[in-house]
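Presented below is the structure to which this report refers.
Just so you know, these numbers use all the heavy atoms, side chains as well, and skip hydrogens, waters and symmetry mates. Please read these numbers as outputs of a predicted model, since none were measured by experiment.
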Amino acid sequence: MPRGRLRVYLGAAPGVGKTFAMLGEGHRRLARGRDVVVGLVETHGRPRTAELIDGMEIVPRRTMVHRGTAFTELDVDAVIARAPRIALIDELAHTNVPGSRNAKRWQDVEEILDAGIDVVSTVNIQHLESLNDVVRQITGVPQRETVPDEVVRRADQVELVDMSPEALRRRLAHGNVYAPEKVDAALSNYFRVGNLTALRELALLWVAGKVDEQLDRYRAEHGIEGTWEARERVVVALTGGPEGDTLIRRAARIAARSKGADLLAVHVTRADGLAGGDPGNLARQRALAENLGGTYHQVVGDDVPRALLDFARGVNATQLVLGASRRGRFAQILSRGVGVTTTALSGSIDVHMITHGEAQKGRRPPPSRAALTRTRRLAGWAVAVAGLPALAGVLIPFRETLTLPSEILFFLLMVVGVALIGGMWPAVTAAVGGSLLLNYFFTAPVYTLTISDPENLFALVVFVLVAAAVSGIVDVAARRTREAARAGADAEVLSTLAGHVLRGESALPSLLARLRETFALTSVTLLERVDEPGPDDQSDPEAWRIVATAGATPCTCPGTADADVVIDEQLVLAVRGRLLEASDRRVLEAFAAEAAVALRQERLRREADLAGPLAETDRMRTALLAAVSHDLRTPLASARLAVESLRGTEIEWSAEDREELLATADESLLKLDRLVANLLDMSRLQAGVLGLTLQPVALEEVIPRSIDDLGPLRDRVEGDVSVDLPEVVADPVLLERILVNVMSNAVRYSPAGRKALVAGSRHGDHVEIRVVDRGPGIPAEAHDRVFMPFQRLGDRDNHTGVGLGLALSRGLAEAMGGTLTPDETPGGGLTMILTLPVSSRADGLPAVESA
């Protein structure tokens, strides 16, 4: 029986309409005459969802009792026995009641699919196993019900049910998702705009990856090799030459012209491993490509154009960037070259040929590397010089009984032995010497170099050719073996060093120390030029500065090193201890490039760390001067004018006027006192000298005192704090200061007749105090700006202070280990949320889960 097909409606959060879409799909298929049943649908009390179930056949649920409570679950056997064409089963990630046949609902769905029944289901992005920790980090709410990604990826269709965060919050506020008593808590916690935006992005990216997989699978199943320009992908080919930097930057500019384009850098390595690009250049170019947002790839192939095009077609590339040939004109006449051949075979892929400074300068041949060690070559020469005469001496007594072909075979065996021991050139020499010995001692007439029988001449010529061919093959095999061993050793060294850095140690010192250990060097030093390059500065210690070093007795200039690698005009890696072979220099060059990258990253981090506090200090200084020059003078001038009026004798003030002037002076001086206190506290907070006394604090005691401190404004604040709330860890004096500042701000912007609300609730290991107003609110893009000192977000009146209260309140909250964040009030207004950790004395209290 063929397996059923699975269709999944994927949403970013509860309430986006997944179940609604699933039921709508069921009605569409019913209208087409399909046999559709409802296996299980959760309406969550939503009337519009429940209306869609009317008119559809419902398979009865199975009732189970767990710990004295009855639960209903999907009846898998009943669905299979009913054998419909399509079953609608909600909430794929649901966890079944203990004692069920399967632990998860997706396992029930697998059984139904195996029975040949199509299933339409739903799942939220936060329930995917791979994203579980990401969602917890975003929302702060752990997801206990998960489904393996592979289950959803195997679905025949995955459809995204999308809704903007603002629209979903409106649905929530209108009561279309949760019951009214849960709406405020949900809007204030899980269903914040930032949370919903991040979840929506996760859902879109996950579905985009699924679509990419489906496209690749379709192209592979149908043998489609041509490029489908669904998205721009720019591939840049690197040879390991110095021109690679230019090509990568040009390719990045090409990719930047199309939104969402991918940049891929690729280097084709010869299959024999005997030729390749400069490792230092490739390491630097890899870092450059990744810094520009691209990826680096390495493929193996003897036919470079075909390997390049195979890679480009495999990643569905639309454009290919190549460098102009570095070969000379004569070489281009003999062979078309990689660029011309690739262009001719590219088909639908656009090929860009980029000129550069190295074009037509010719390729420098790679340095020659001996296949065998010096000892083996000397041994080969010794065997060739001494072994051939000895072999001739052994065979001369048997000259009458052996034929010439037999004697040739003995000499050929000797030549092969020489090739195995000493390589090609000793073997070729042995072949020529052996032919002369065969001619002189074993070919008639003997003891002369004359050959009377042409057949003997032919045999000797074939002997020389065979011996030379065998020698060449043995030499190539030895060379490849040596190169493979060297490549393996280099790869192991690179892997070890890279892993050492990735394990979290300081990049630059780790690189130098491990490099010194690997090659048994005395010291490894990274030198930087002090001034502009000079003609004789290689041996001048005054011209160089030691950036980093590992080992004893560092090099003070490149001239004192046993080996050095020039990274750029300013940096040189100098090593001391022994002379390095050419093969070792390749690894040294690669890590010299990595050391330069590590140095630049370290300096950028250091500059960023220094620039941040300086900019903040400068901004604070400027703002403080502005505050002193304007906002401090306003209440001072009001108080002074009121006092001067009272002292004056020109006007006879009535008792009411005198009382009003005294109230004005008192209010101005109170504002001035509060402003000066805030400024002093902010300066202490910025300097890190604000004293804290953290202790368990009961909110039912602090919040009423804070409301009383508002003075005449206390009647415009309404408190709703349960006595069951646990104690929090805070400084009681500073907590009261925070609440007074935040409530004053809420009252100031609340409309007449509407009180500000103060409410509290526990969420896991922290307590949230929400101060809610129904004023004009703050645009979402200005939520961070409201906490900047001396900001009033466009408010121009002179009676609202210097905008320091919220900035100070957030700083005090963070100093106590809490947070202060703004959020939109459902229906209009601003909600300030103060979060504080629960005291350890409250561990035994039950936690209230977020929605």
Side-chain angles (χ1 to χ4, degrees), residues 169-170 172-175 177-193 697-728 730 732 735-763 766-780 782-783 786-787 793 795 800-801 805-806 808-810 812-813 818-836 838 848-851:
R169 285 172 59 86
R170 282 196 299 271
L172 201 66
H174 294 157
V177 180
Y178 290 142
E181 62 271 14
K182 296 182 178 180
V183 171
D184 285 342
L187 286 171
S188 301
N189 295 281
Y190 193 88
F191 286 83
R192 296 172 179 174
V193 173
V697 177
L699 294 178
E700 65 269 19
E701 297 177 1
V702 173
I703 292 179
R705 288 203 307 267
S706 302
I707 295 176
D708 290 338
D709 287 346
L710 293 175
L713 301 177
R714 67 171 68 90
D715 296 332
R716 297 189 60 187
V717 178
E718 179 182 357
D720 183 16
V721 179
S722 172
V723 294
D724 294 331
L725 280 178
E727 295 179 335
V728 297
L735 177 57
E736 190 172 332
R737 173 74 67 81
I738 295 173
L739 292 173
V740 169
N741 285 337
V742 175
M743 288 189 293
S744 299
N745 189 73
V747 169
R748 181 180 303 123
Y749 293 105
S750 292
R754 300 294 298 271
K755 293 184 178 182
L757 174 65
V758 183
S761 60
R762 177 173 179 173
H763 302 273
H766 62 271
V767 169
E768 288 187 354
I769 304 171
R770 289 187 292 275
V771 180
V772 184
D773 69 61
R774 294 291 180 175
I778 298 175
H783 279 179
V786 74
F787 293 104
L793 295 181
D795 190 2
T800 57
L806 290 181
L808 177 62
S809 298
R810 169 174 272 190
L812 295 177
T819 60
L820 182 64
T821 57
D823 197 6
E824 297 177 4
T825 301
L830 179 69
T831 298
M832 300 299 298
I833 304 173
L834 174 62
T835 302
L836 293 171
V838 172
V848 178
E849 290 278 342
S850 299

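- Atom-to-atom distance recorded for Glu700:CD and Leu725:CG is 7.5 Å, nearest 0.5 angstrom.
- Here the shortest heavy-atom pairing between Ala730 and Leu735 reads CB-CD2, 4.1 Å.
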*Would you check, one step at a time, whether the test side-chain contact (heavy atoms from CB on, under 4.5 Å) holds for His766 with Leu836?*
CA-CA 6 Å; His766 62 271; Leu836 293 171; over 6 Å; no
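- Using a 4.5 Å heavy-atom threshold, the side chains of Ile769 and Val758 count as touching.
- Taking every heavy atom of both residues into account, Arg192 and Arg169 meet most closely at CA-NH1, 3.7 Å.
- The shortest non-hydrogen separation linking Pro751 to Arg774 is CD-O, 3.4 Å.
- One finds the CG atom of Asp773 at 10.0 Å from the CZ atom of Arg716 (value rounded to the nearest 0.5 Å).
- At least one side-chain heavy atom of Leu699 sits less than 4.5 Å from a side-chain heavy atom of Val767.
- Within the 4.5 Å cutoff, the side chain of Ser761 has heavy atoms near those of the Arg770 side chain.
- By the 4.5 Å heavy-atom criterion applied to side chains, Glu727 and Val838 are not counted as neighbours.
- When every heavy atom of Leu830 is checked against every heavy atom of Asp823, the shortest pair comes out as CD1-O, 3.4 Å.
- Two residues are said to be in side-chain contact when any heavy atoms from C-beta on lie closer than 4.5 Å; Val771 and Leu757 fail this criterion.
- When all heavy atoms are compared, the tightest approach of Gly760 to Val721 is N-CG2, 4.4 Å.
- Atoms CD and CD1, from Glu768 and Ile833 in turn, are 5.5 Å apart once rounded to the nearest 0.5 Å.
- Side chains of Val742 and Leu820 form a contact here, defined as non-hydrogen atoms less than 4.5 Å apart.
- In this structure, Asp708 CG and Arg714 CZ are separated by 5.5 Å, a value rounded to the nearest 0.5 Å.
- For the pair Arg737/Leu812, a side-chain contact is recorded, criterion being any heavy-atom separation below 4.5 Å from C-beta on.
- Taking all atoms of both residues into account, the shortest heavy-atom contact from Ser750 to Ala746 is OG-O, 2.7 Å.
- Within a 6.0 Å sphere centred on CZ of Arg754, heavy atoms belonging to other residues, nucleotides or ligands number 12 at most.
- Put simply, the side chain of Leu739 does not reach to within 4.5 Å of the side chain of Met832, judged on heavy atoms.
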